[in-house]
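Indexing begins at 1, ligand by ligand and atom by atom, following the structure's order.
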Amino acid sequence: MSDSSTAQASPLLYFVAGLLCASIASHLLARPSPKRDGNAMIGEDEDWDSDDDGPAEANCPSSAWGISDAPYKMVLCVNTSLSMGKGKIAAQCGHAAVGCYKRAKRHCQAGLSAWERTGCAKIAVKCPSEDEMDEIAAKALSRGIPIYLVEDAGRTQIAAGSRTVLGLGPAPVREFDGVSNHLKLM
Ligand SMILES: *[C@@H]1O[C@H](CO)[C@@H](O)[C@H](O)[C@H]1NC(C)=O
């Protein structure tokens, strides 16, 4: 018998390499879309293709961000009053991170690539009150920080429509002063 693992590995490798190239190409080819300039975003758990953009917002300050504004970070503000299990929190943070990434890819590409080139820093923090989450979201928007609010579809653990995680960024670390830097780490 010949060594079948070698024979099978190479088509798989080509497949994976192809996927990577396709995703890199789509990243490189993605064009800025000036008409879709808002940063507000509400996402529903398990409902990923319906992410339409928020209202247009002129003169977004984030359009000037670049590598010289490093360090960057992404902040995931978790609704701790929901008492979600660890796995649930992890999944919701994952949704928020992907949502923020997609938002930033459309609206803050230079900032996004600066964040990627400097290690993709992310932190998760506790957000105990709804008022605070609203205030953080409003301040973030006014500074051009991409935001993505995850609302749970309510299939597991918690009530439908619960706001589980507010994702912010990526944005230069300094931009979070007075926005979310007072929140405690998870
Ligand atoms: C957390 O979710 C609960 C239930 O939906 C909600 O009442 C509460 O305001 C939320 N907290 C935050 C910080 O959004």
Report summary line: Quick note on ligand 1: atoms under 4.0 Å from a heavy atom of Ser162 include exactly 4 (C), 5 (O)
Report summary line: Going by the 4.0 angstrom heavy-atom rule, the piece of Met133 near ligand 1 is side chain
Query raised in the report: Any nitrogen or oxygen of Asn79, main chain or side chain, under 3.5 Å from a nitrogen or oxygen of ligand 1?
Result: yes
**Report entry** N-O pairing of Asp134 and Arg163 below 4.0 Å
**Finding:** yes
Query - Atoms of ligand 1, numbered as shown, that sit under 4.0 Å from any heavy atom of Glu130 - result: 9 (O), 12 (C), 13 (C), 14 (O)
Query raised in the report: Heavy atom of Cys127 under 4.0 Å from ligand 1?
Result: yes
Query - Cluster link Leu82 to Val165, ILVMFWY, side chain under 4.5 Å - result: yes
Requested in this report: Pull out every atom of ligand 1 sitting under 4.0 Å from any heavy atom of Ser81, numbered as shown with elements.
Outcome: 1 (C), 11 (N)
**Report entry** Location of contacts on Ser129 toward ligand 1, heavy atoms closer than 4.0 Å
**Finding:** backbone
Report task. Look at the side-chain heavy atoms of Ile, Leu, Val, Met, Phe, Trp and Tyr, link any pair under 4.5 Å apart, and say whether Ile123 and Leu183 land in one connected group. Result -> yes
Requested in this report: With heavy atoms of Leu82 as the reference, note each atom of ligand 1 found under 4.0 Å away.
Outcome: 1 (C), 2 (O), 3 (C), 4 (C)
**Report entry** Considering all heavy atoms, the nearest Met74-Gly169 contact
**Finding:** CE-O, 4.2 Å
